[in-house]
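Structure first, commentary second.
Chain A is the first sequence line, chain B the second, and so forth, proteins listed ahead of strands; every chain is numbered from 1. As the structure is a prediction and not an experimental result, all values here were calculated from the model.
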Number of protein chains: 2
Amino acid sequence: MATRSEAPEGTEQTWTIREVAEEFDVTHRTVRHYEELGLISPERRGTTRIYHRRDRTRLGLILRGKRLGFPLEEIRTIIDLYDAPRGRRSQLEYVLAQIDERRADLEQRRRDLDDALTELGRFEDRCREDLSKIPR
Amino acid sequence: MATRSEAPEGTEQTWTIREVAEEFDVTHRTVRHYEELGLISPERRGTTRIYHRRDRTRLGLILRGKRLGFPLEEIRTIIDLYDAPRGRRSQLEYVLAQIDERRADLEQRRRDLDDALTELGRFEDRCREDLSKIPR
DNA sequence: CTTGACGTTGACGTCAACGTAAAGCAATAC
DNA sequence: GTATTGCTTTACGTTGACGTCAACGTCAAG
């Protein structure tokens with residue numbers, strides 16, 4: 001569905017800004033905003049933006065980051081991490097250190113999330129108990 | 001430590017705005033902002049705000065909600081839910097329905113979070129592998 | 001060749017979540 | 001007394017994350 005490009009053989013599939021925007025259910029303005037912040041950098045054919053699979057992957061990461069409540073600047077450092085240079089040992093060690101920080105952050109969030117869920121569960125139990133005491 | 005009030009016996013302990021702000025590591029401006037939005041409503045002794053345990057509990061909930069990335073308005077509906085009237089059956093059923101919605105939201109977040117964590121783990125593995133191939 | 005449909009770049013608007021500065025009251029410190 | 005804290009309100013400023021609008025280019029269809 002909606003495989004727009006001429007994709008005969010070997011030719012990589014591409015998308016327009018409208019297409020990626022609709023696919024991820026955001027506006028084209030949002031997509032361009034992310035580009036202004038350096039989160040995506042689509043190919044330019046003349047003045048027109050051409051989006052590749054790579055861009056769609058990154059957009060997916062961005063939106064998941066947003067659902068998790070990260071600010072865009074932080075999201076940028078995260079996804080940049082994924083294709084940071086890792087040729088030299090020092091670079092790899094830096095990346096590994098960053099990974100640890102990220103993980104600590106995410107695990108804190110998971111603790112908060114689990115707390116919130118168990119609290120909600122206890123609250124529901126209380127409510128159901130109350131309900132059982134109300135006649136009719 | 002910093003038990004400000006005159007707390008002789010039976011008297012409930014209270015706190016000033018500075019005290020709660022420092023305890024939760026936010027500014028007093030932030031605390032007042034939450035009050036403006038109706039998320040907390042401390043007692044007033046004349047013009048001065050007096051915070052009780054109830055207010056501290058709510059502030060804790062607010063900040064956890066923020067760490068989870070919820071907007072303050074949504075946080076308000078959540079914590080209001082916790083002390084909504086549940087006397088009548090219809091009210092209880094409404095509350096239970098809200099609880100379900102909340103839970104669905106939180107579980108979506110947990111999925112996102114778990115995805116992010118496993119992805120991070122895979123990435124770390126790749127990095128460690130790369131590292132093992134670099135001599136010295 | 002004109003009309004859409006879609007693309008582009010500014011530039012300004014808006015809303016949330018506070019920060020910050022100005023100015024005042026009120027109790028303790030000296 | 002005055003001075004210093006600590007609390008208060010009022011009010012404007014800032015930052016992030018877009019929305020919205022104007023003005024224009026481009027290309028296939030009629």
Side-chain angles (χ1 to χ4, degrees), chain A residues 2-6 14-52 55-56 58-80, chain B residues 1-6 13-52 55-56 58-80:
Chain A
T3 71
R4 150 189 196 286
S5 76
E6 61 283 356
T14 61
W15 292 263
T16 83
I17 193 169
R18 282 284 168 195
E19 287 167 351
V20 294
E22 282 178 14
E23 176 176 356
F24 286 94
D25 199 32
V26 295
T27 70
H28 68 297
R29 179 66 184 87
T30 301
V31 178
R32 280 188 40 227
H33 183 58
Y34 295 160
E35 182 178 347
E36 286 170 15
L37 298 186
L39 287 121
I40 356 181
S41 10
E43 184 197 342
R44 292 297 184 112
R45 203 104 73 196
T47 174
T48 297
R49 293 170 174 84
I50 310 282
Y51 295 84
H52 295 252
D55 302 308
R56 295 170 70 247
R58 288 178 75 98
L59 189 49
L61 289 174
I62 295 166
L63 295 177
R64 193 183 62 193
K66 283 211 56 189
R67 287 197 301 274
L68 292 175
F70 289 102
L72 292 180
E73 271 305 320
E74 198 169 345
I75 293 177
R76 191 162 59 80
T77 74
I78 301 174
I79 62 186
D80 281 355
Chain B
M1 70 266 292
T3 71
R4 154 190 193 286
S5 76
E6 59 284 355
Q13 190 182 358
T14 60
W15 292 263
T16 83
I17 191 169
R18 282 286 168 193
E19 287 167 351
V20 294
E22 283 177 13
E23 176 175 358
F24 286 94
D25 199 33
V26 295
T27 70
H28 67 297
R29 180 66 183 86
T30 300
V31 178
R32 281 190 40 232
H33 183 58
Y34 296 160
E35 182 177 347
E36 285 169 16
L37 297 186
L39 286 118
I40 354 182
S41 9
E43 182 197 342
R44 291 297 184 111
R45 202 105 70 195
T47 174
T48 296
R49 292 168 174 84
I50 311 282
Y51 295 84
H52 295 252
D55 302 308
R56 295 170 70 247
R58 288 178 76 98
L59 188 50
L61 289 174
I62 294 166
L63 295 177
R64 193 183 63 193
K66 283 213 58 189
R67 287 198 300 275
L68 292 175
F70 290 102
L72 292 179
E73 270 307 319
E74 198 169 345
I75 293 177
R76 191 162 58 81
T77 72
I78 300 174
I79 62 186
D80 281 356

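- Distance OG1/B:Thr14 to CD/B:Glu43: 8.0 Å, rounded to 0.5 Å.
- Between A:Arg29 and C:dC12 there is no side-chain N or O to OP1 or OP2 distance below 4.0 Å.
- Looking at which nucleotide of DNA chain D each of A:Leu37 and A:Thr47 is closest to, the 5′-most match is held by A:Leu37.
- Rounded to whole angstrom, the span from the NZ atom of B:Lys66 across to the C1' atom of D:dG16 amounts to 12 Å.
- One atom, CD of A:Glu36, and another, C1' of D:dC18, lie 10 Å apart when rounded to the nearest Å.
- Distances shown here put a side-chain N or O of B:Arg32 below 4.0 Å from the OP1 or OP2 atom of D:dT9.
- OP1 or OP2 of D:dC18 sits under 4.0 Å from a side-chain N or O of A:Tyr34.
- In this structure, A:Tyr51 and A:Thr16 have side chains that are not in contact, with every pair of non-hydrogen atoms separated by 4.5 Å or more.
- The phosphate of D:dG19 has OP1 or OP2 within less than 4.0 Å of a side-chain N or O from A:Thr27.
- The separation between A:Ile17 atom CD1 and C:dG7 atom C1' is 8 Å, rounded to whole Å.
- OP1 or OP2 of C:dT8 sits under 4.0 Å from a side-chain N or O of A:Arg49.
- From A:Ile75, atom CD1 reaches atom NZ of A:Lys66 across 7.5 Å, with rounding to the nearest 0.5 Å.
- Separating the CZ atom of A:Arg18 from the P atom of C:dG4 is a distance of 18 Å, rounded to the nearest angstrom.
- To the nearest 0.5 angstrom, B:His28 atom NE2 is 13.5 Å from B:His33 atom NE2.
- Put simply, the side chain of A:Arg58 does not reach to within 4.5 Å of the side chain of A:Leu39, judged on heavy atoms.
- At least one side-chain nitrogen or oxygen of A:Thr16 sits closer than 4.0 Å to the OP1 or OP2 atom of C:dG7.
- Rounding to whole angstrom units, CD1 of residue B:Ile40 and P of C:dA17 are separated by 14 Å.
- In this structure, B:Tyr51 places its OH atom 11 Å from C1' of D:dT8, rounding to the nearest Å.
- Rounded to an integer number of Å, the gap from A:Arg67 CZ to D:dA17 P is 16 Å.
- Whole-Å rounding puts the B:Glu73 CD to C:dA17 P distance at 7 Å.
- Side-chain N/O atoms of A:Thr30 include one lying less than 4.0 angstrom from OP1 or OP2 on D:dG19.
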